[in-house]
2 protein chains.
Amino acid sequence: MSNAYNRPDQLSPELRRRVLETARRLGYPGPDPVARSLRTRKAGAVGLLLTENLSYAFRDPAAVGFLEGLALACEDAGQGLLLVPASPEREDVAAVHRAGVDGFVVYSVPDDDPHLAAVLERPVPTVVCDQPELETVDRVGIDDRSAITGLARHLIELGHHRIGVVCMRLGRDRNDDFVTLERQRSAHFHVQRTRLAALADAFAGVGVDWATVPVVERFDHTTASGESAAAQVLDRDPEITALICTSDILALGALTEAGRRGLRVPQDLTVTGFDGIPEADRAGLTTVRQPVLEKGRAAGRLLLDNAEHGRPRKVTLDTELIAGRTSGAPRAAAQIWYGP
Amino acid sequence: MSNAYNRPDQLSPELRRRVLETARRLGYPGPDPVARSLRTRKAGAVGLLLTENLSYAFRDPAAVGFLEGLALACEDAGQGLLLVPASPEREDVAAVHRAGVDGFVVYSVPDDDPHLAAVLERPVPTVVCDQPELETVDRVGIDDRSAITGLARHLIELGHHRIGVVCMRLGRDRNDDFVTLERQRSAHFHVQRTRLAALADAFAGVGVDWATVPVVERFDHTTASGESAAAQVLDRDPEITALICTSDILALGALTEAGRRGLRVPQDLTVTGFDGIPEADRAGLTTVRQPVLEKGRAAGRLLLDNAEHGRPRKVTLDTELIAGRTSGAPRAAAQIWYGP
DNA sequence: GTGAAAGCGCTAACAC
DNA sequence: GTGTTAGCGCTTTCAC
């Protein structure tokens, strides 16, 4: 009987037909997938763990691009994709324990995330995308340091040295405010930490004291956050000539706030983002493009490529600096620093 | 031991701690979720079946909105969301059989979809969103007939009577071409069929012979499809004053094609869409807005509301006509029909 | 508070 | 080509 469902080639088509028909007549709904999974030790699905609320994943274009790539990889392999309901607020790790999956993809979570810890305890393969960087686990990501350093060089060449920064959440606690150097250094989100450190290094190279640079953090990743954060930076130091945002979403909000203040971009204020989402492209935003779809696909492939591997594999994808219409030379400062 | 994991209150914290620690030391990775599911008869997840490739779902803003709403509902209930890898090309129904879920949400599939049939055979609750309309199954959707009739009236009031139509796929077979009346009538996608029929009725009311109206179909739901379909209609009948598209994505493509031909919108050509996605809003598209997020949420709630119900429940959400900047009076025809 | 045992529904292995 | 059986790992029940 099992054969009729699972091994059509092992018996005659006629018999198979008869068995199946009889089964149906008896009201047999087909093999129970859960029981089958228990027996075969295969769930036929990949679990996805996200930093954010499940629903958020569909609101951030970069996350959607990642999901698309991951879905592509799963589809190719005939695997399902299980979105694990692990909200950052709820510390409830049970959802991770209950997930019937053959492996996990973890997308951009803090290094102290309890859900991540729960995932790593499960005896299934895991691939991390972006963060955290774990020695023992496969990882797909970009070179954040070199990517943002390229952006910093672009701004430095334009003549900016009085800058402000808007970044995404640095820890699991909410801090919608300025960020101390200590908090920057100890951020639990490796990506943000690296970007800030690389910016500090780059601007230190042209004599900027990083301690004087206003850095503002936002917990929620929305354009509204970008607006209010930009306002906070500009209120603190109206003299800044460039506002570096660590995501396009934040940068788009910053553009809105600049417009509200009558600041022309880029004449009065340069604004930059990170990610290269379609909306940023339409807005002509200066940003760093990263291959979000490729990241998802690579993560999925890594997980599903069951090739036994000794040491954990690391995939680093390329990024590209997009010099858009939102960056230009600062009005006055350029004269002082790179005068004729 | 089971109690230590599942019923923390049934034993002393001290004992619980000891048990758990011993378990860990022995390398016990925690209860197997699949075995637990088999025993408890609960998978803790909802399956989602889509018309399209899994990855496509992330490219259509309307689908993304639906997913967001569904994810929201699942999250609230602590349920996972399993994306079932059922591509329309592959007739492989196995993925449906293998899905370890407590119920299915089916999003906009043709009435003869084999995956749908497989879902309905499984002994779990199911909710259909949009299509098909099944007597015995819960459904969330809109009133397509009245929605598109409102749009038709808008165009008729403006004075349009020479129109063309671009619609989405009408069956599982690819037909990137004009659509016969017979094909319109027998379309396996209830939503498209209803919209076309309602348009036919509305325009028949002002003396338009529907058989003379060029209707073009596209299998792929992309702006590129909208472009080429608009071109096909305009090549056939350059005299049309309005192009009705059954989705915003198609309409946005049509706008591109109109621009390419030097047709001013709406002076030379009126273009309308359907859905009310953000991009349409930005483009000022005349369209019908439907609450995509609400649809997803309603579908999820319906499925997870385990209230025993006798007859299948039907949820019909409201739509809104958005009169944008892409619809206006036709140049010449308006003089003839509604002249001063 | 603890231990033993039945059984969820299936598949794989083996004997016929 | 067919029938039987063990056991996947868990939870629940019941006896202690």
Side-chain angles (χ1 to χ4, degrees), chain A residues 1-45 47 78-80 82 93-104 118-119 121-125 306, chain B residues 1-45 47 78-80 82 92-104 118-119 121-125:
Chain A
M1 155 100 171
S2 177
N3 283 341
Y5 283 94
N6 303 322
R7 241 98 46 102
D9 45 316
Q10 295 282 308
L11 31 63
S12 67
E14 158 58 13
L15 173 61
R16 174 177 150 84
R17 197 194 52 68
R18 230 179 51 221
V19 170
L20 259 44
E21 204 208 302
T22 307
R24 164 153 327 168
R25 194 158 40 70
L26 262 45
Y28 177 71
D32 179 310
V34 176
R36 170 189 281 169
S37 285
L38 176 60
R39 183 62 235 244
T40 60
R41 324 252 47 190
K42 243 123 205 58
Q79 297 288 300
L82 178 72
V93 167
V96 172
H97 289 142
R98 295 199 330 179
V101 297
D102 301 322
F104 282 96
V119 164
E121 276 177 8
R122 296 240 343 225
V124 294
N306 237 346
Chain B
M1 152 102 172
S2 179
N3 284 340
Y5 283 94
N6 302 322
R7 241 100 43 101
D9 45 317
Q10 295 283 309
L11 32 63
S12 68
E14 158 58 14
L15 173 62
R16 175 178 150 85
R17 196 195 54 67
R18 230 179 51 222
V19 170
L20 258 45
E21 202 209 303
T22 307
R24 165 151 328 168
R25 193 159 40 69
L26 262 44
Y28 176 71
D32 179 312
V34 175
R36 168 188 284 171
S37 286
L38 176 60
R39 185 59 235 248
T40 61
R41 324 251 51 192
K42 244 124 205 58
Q79 297 289 298
L82 179 71
D92 182 16
V93 167
V96 172
H97 288 141
R98 295 198 330 177
V101 296
D102 301 322
F104 282 97
V119 163
E121 276 178 9
R122 295 241 343 225
V124 294

[X] [atom1] to [N] [atom2], straight-line distance once rounded to whole Å:
X: B:Arg98; N: C:dC10; atom1: CZ; atom2: P; value: 16 Å
X: B:Arg41; N: D:dT11; atom1: CZ; atom2: P; value: 14 Å
X: B:Leu38; N: C:dT11; atom1: CG; atom2: P; value: 12 Å
X: A:Arg36; N: D:dG9; atom1: CZ; atom2: P; value: 18 Å
X: A:Asp102; N: D:dC8; atom1: CG; atom2: C1'; value: 15 Å
X: B:Asp32; N: C:dC8; atom1: CG; atom2: P; value: 18 Å

Among [options], the nucleotide that comes nearest once only the side chain of [X] is considered:
X: B:Ala35; options: C:dC10, D:dC10, C:dG9; answer: D:dC10
X: A:Pro31; options: C:dC10, D:dC10, D:dT12; answer: C:dC10
X: A:Tyr28; options: C:dC10, D:dG9, D:dT11; answer: C:dC10
X: B:Thr40; options: D:dT12, D:dC10, C:dC8; answer: D:dT12

[X] and [Y]: which non-hydrogen atoms are nearest, and at how many Å?
X: B:Lys42; Y: B:Ser37; value: O-OG, 3.0 Å
X: A:Asp32; Y: B:Arg41; value: OD2-NH2, 2.7 Å
X: B:Ala45; Y: B:Gly100; value: CB-O, 4.3 Å
X: A:Ala35; Y: B:Leu38; value: CB-CD1, 3.6 Å
X: A:His97; Y: B:Pro33; value: O-CB, 3.1 Å
X: B:Val93; Y: B:Ala118; value: CG1-CB, 2.9 Å

Under 4.5 Å between any side-chain heavy atoms of B:Val119 and B:Arg122, yes or no?
no
Do A:Asp102 and A:Val124 make a side-chain contact, defined as non-hydrogen atoms from C-beta onward lying under 4.5 Å apart?
no
Atom pairs, N/O to N/O, protein against nucleotides 2-7 of chain C, distance under 3.5 Å?
| residue | atom | partner | partner atom | Å |
| --- | --- | --- | --- | --- |
| C:dG7 | N2 | B:Arg39 | NH1 | 3.3 |

Want to know the stems of DNA chain D: at least 3 consecutive Watson-Crick or G-U pairs with distances under 3.5 Å, which are they?
C:1-16 with D:1-16
Give, for atom OH of B:Tyr28 and atom CG of B:Leu20, the distance between the pair rounded to the nearest 0.5 Å.
9.5 Å
